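Just so it is clear, the values below take in all heavy atoms, side chains as well, and ignore hydrogens, waters and symmetry mates. All residue numbers refer to positions in the sequence shown, counting from 1. All of these numbers come straight from a predicted model, not from anything done at the bench.
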Amino acid sequence: MSAMDNLTFPQIISVDDHTVEPADVWQSRLPKKYLDVGPRIVRAPLKEISFLGGRFRPVMGAPGDDGPLGDWWLYEELQRPLTRLDTAVGYSRDEIKLEVITYEQMRPGSYDVPQRLADMDVNHVQSAVCFPTFPRFCGQTFTEAKDHELGLLCVQAYNDWMVEEWCGPQARGRLIPLTLIPLWDAELAAAEVRRNAARGVRAVAFSEIPPHLGLPSVHSDDWDPFLAACDETGTVIAMHIGSSSRMPSTSKDAPPAVGSTITFANCCFSMVDWLMSGKFERFPNLKVMYAEGQIGWIPYILERADVVWEENRGWGGVADKVHRPPSELFAEHVYGCFFDDAFGLRNLDAIGLGNVLYETDYPHSDSTWPKSREVGEAQMGHLDPAAVERIVRGNAIDLLGLTPEGLWRP
């Protein structure tokens, strides 16, 4: 008999869901002079599409061309379609393919707040943090653009929409804001963190491996203004798999299944970067979380990092900045997020009960919706109910500064 028999599984606070931005997010907020180059939706045919070696390559056809019609985001020279992988809930696994879609072909909860809340009710979810779609997981779409003046306006417009509409009054505190920063300028990033923290935002998206985006690593001092702002305001740095615009893979011709199996790898590399960077000692209030990274890999990495720190820190370049075992720094600063990881839950003692968060990944193809409760019950049945409560909601309440009831209040 499981420890949770005859008890109610706690209402879930998902720390990794996604929003598909409505078509008017930027067109309704940018200055008129930018409307023709800022993000906007057009309907067009697909010419070709591939996703090999961790790289997504869609090609938009011209009006009148043969090919399935989809809704495409246009921004400067970028052409990015909505795909079934962006919003796959409601479809059987065998029906989920790499294909373009329109807004009418996706579940309305992907982009509509009342419909999202209804889908959360179906899935035993009380509250949710949502990562972006078109800006990509840390807003790198705007960093890669040519015009950074426009890019900053796009970041700010997204954040205003996120706070005022997606997480606005109709969400009733059940949607938790996650904002973006202008990654190309740490001072501007710090200002945007403070602007949003002043209205109650406690989480900001960041890249798991910034050098993959042509940006400085966390070992440099370049990010210090941004990190200081997060440290001072209690803003959690949330890093999603793929937020370096490069999913793990092994070769240019490796099928997506290879990358899907090792999606945790970037989180693994990133976590070691942070643990060996000295940033957690310089910024003692800093917290980071790894969305969709799963948790089963964490125990070995902590064990190995401690051995390297103990035996090799003299020549390993960290003796002067990392003064405590990495596993201790992890316990105080790092959170792993999972939606389906029975192995990790069996090794929870080696990770830390207080360092684990639950997620549902709605509406992506990996999502456990509408059975996230059933998955949780099956995988956490051996745990004490108090431990389940912490994993499913308690840790998220503490980390994100939610009300005791698990709601966001500005």
Backbone of Ser327 reached by a side-chain donor or acceptor of Asp306 within 3.5 Å:
yes
For Arg57 and Ser50, which I'm curious about, is there any donor-acceptor pair between the side chains at under 3.5 Å?
no
If every non-hydrogen atom of Tyr75 is compared with every non-hydrogen atom of Pro39, which pair is closest and at what distance?
CD1-CD, 3.6 Å
Please say whether more than 12 non-hydrogen atoms of neighbouring residues, nucleotides or ligands are located less than 6.0 Å from CD in Glu77.
no
Minimum heavy-atom distance Met106-Leu82, with the two atoms named:
CE-CD1, 3.6 Å
Are Leu402 and Ile176 side-chain neighbours, meaning at least one heavy-atom pair lies under 4.5 Å?
yes
Output field: ring centroids Phe134/Trp26 closer than 6.0 Å
yes
Do Gln379 and Asp341 meet the criterion of a side-chain donor-acceptor pair at a distance under 3.5 Å?
no
Close side-chain approach of Leu275 and Val272, heavy atoms under 4.5 Å
no
Sole residue of Arg172, Arg174, Arg116 in salt bridge (Lys or Arg N to Asp or Glu O under 4.0 Å) with Asp121:
Arg174
Does the side chain of Asp160 come under 3.5 Å of the side chain of Gln156 through a donor N or O and an acceptor N or O?
no
Hey, what's the ring geometry for His240 with Phe137, parallel, tilted or perpendicular (30° and 60° as the breaks)?
tilted
Hey, is the main chain of Leu35 close enough, under 3.5 Å, to the side chain of Gln27 for a donor-acceptor pair?
yes
To the nearest 0.5 Å, what is the distance between CG (Asn266) and OG (Ser244)?
4.5 Å
If you compare all heavy atoms of Thr368 against all heavy atoms of Asn123, which two are closest, and at what distance to 0.1 Å?
O-OD1, 4.3 Å
Start with the C-alpha distance between Lys279 and Asp273, add both sets of side-chain angles, then the distance that settles salt bridge (Lys or Arg N to Asp or Glu O under 4.0 Å), and finish with yes or no.
CA-CA 10 Å; Lys279 300 302 183 185; Asp273 259 349; over 6 Å; no
Please answer whether the main-chain N or O of Gly70 pairs with a side-chain N or O of Gln105 as donor and acceptor at a distance below 3.5 Å.
no
Rounded distance (nearest 0.5 Å) linking atom OH of Tyr358 with atom CD1 of Ile295
10.5 Å
Side chain to side chain, Pro135 and Phe142, heavy atoms closer than 4.5 Å:
yes
Donor on one side chain, acceptor on other, Ser372 and Thr360, under 3.5 Å
no
Find the distance between CG (Leu183) and OG (Ser243) and round it off to the nearest 0.5 Å.
9.5 Å
What do you reckon, are the aromatic ring centroids of Phe264 and Tyr290 less than 6.0 Å apart?
no
Indicate yes or no for a side-chain donor-acceptor contact from Thr133 to the backbone of Thr19 under 3.5 Å, with no hydrogens or angles considered.
yes
Return yes if some donor-acceptor pair links the side-chain N/O of His219 with the main-chain N/O of Gly278 below 3.5 Å, else return no.
no
Mind checking the NE2-CD spacing from His333 to Glu281? Nearest 0.5 Å is all I need.
8.0 Å
Are there more than 12 heavy atoms of other residues, nucleotides or ligands under 6.0 Å from atom NZ of Lys47?
no
Please report the closest heavy-atom contact between Asn196 and Asn159, naming both atoms and the distance.
ND2-ND2, 3.4 Å
Donor-acceptor pair, distance only, cut-off 3.5 Å: does the side chain of Glu149 make one with the backbone of Asp147?
no
Show, in sequence, the C-alpha distance, side-chain angles and deciding distance for Asp221 and Arg282, and conclude whether the salt bridge (Lys or Arg N to Asp or Glu O under 4.0 Å) test is met.
CA-CA 11 Å; Asp221 295 334; Arg282 291 188 58 195; 3.3 Å; yes
Between Asp17 and Cys130 (side chain of the first, backbone of the second, donor and acceptor by atom type, cut-off under 3.5 Å), is there such a pair?
no
Donor on one side chain, acceptor on other, Asp253 and Ser251, under 3.5 Å:
yes
So Glu164 and Arg29, salt bridge (Lys or Arg N to Asp or Glu O under 4.0 Å) or not? Walk me through it.
CA-CA 12 Å; Glu164 298 166 7; Arg29 288 170 179 79; 5.4 Å; no
Starting at CD1 of Ile96, measure out to CG of Asp366 and round the result to the nearest 0.5 Å.
9.0 Å
For residues His18 and Asp16, is any side-chain donor paired with an opposing acceptor at under 3.5 Å?
yes
Look at the rings of Tyr158 and Trp161 and say which category their plane angle falls in: under 30° parallel, 30 to 60° tilted, over 60° perpendicular.
tilted
Is it the case that Asp119 and Tyr362 place a side-chain donor and acceptor less than 3.5 Å from each other?
yes
Can you tell me how far apart CZ (Arg390) and CG (Leu357) are? Round to the nearest 0.5 Å.
10.5 Å
Atom CG of Asp36 with >12 non-hydrogen neighbours under 6.0 angstrom:
no
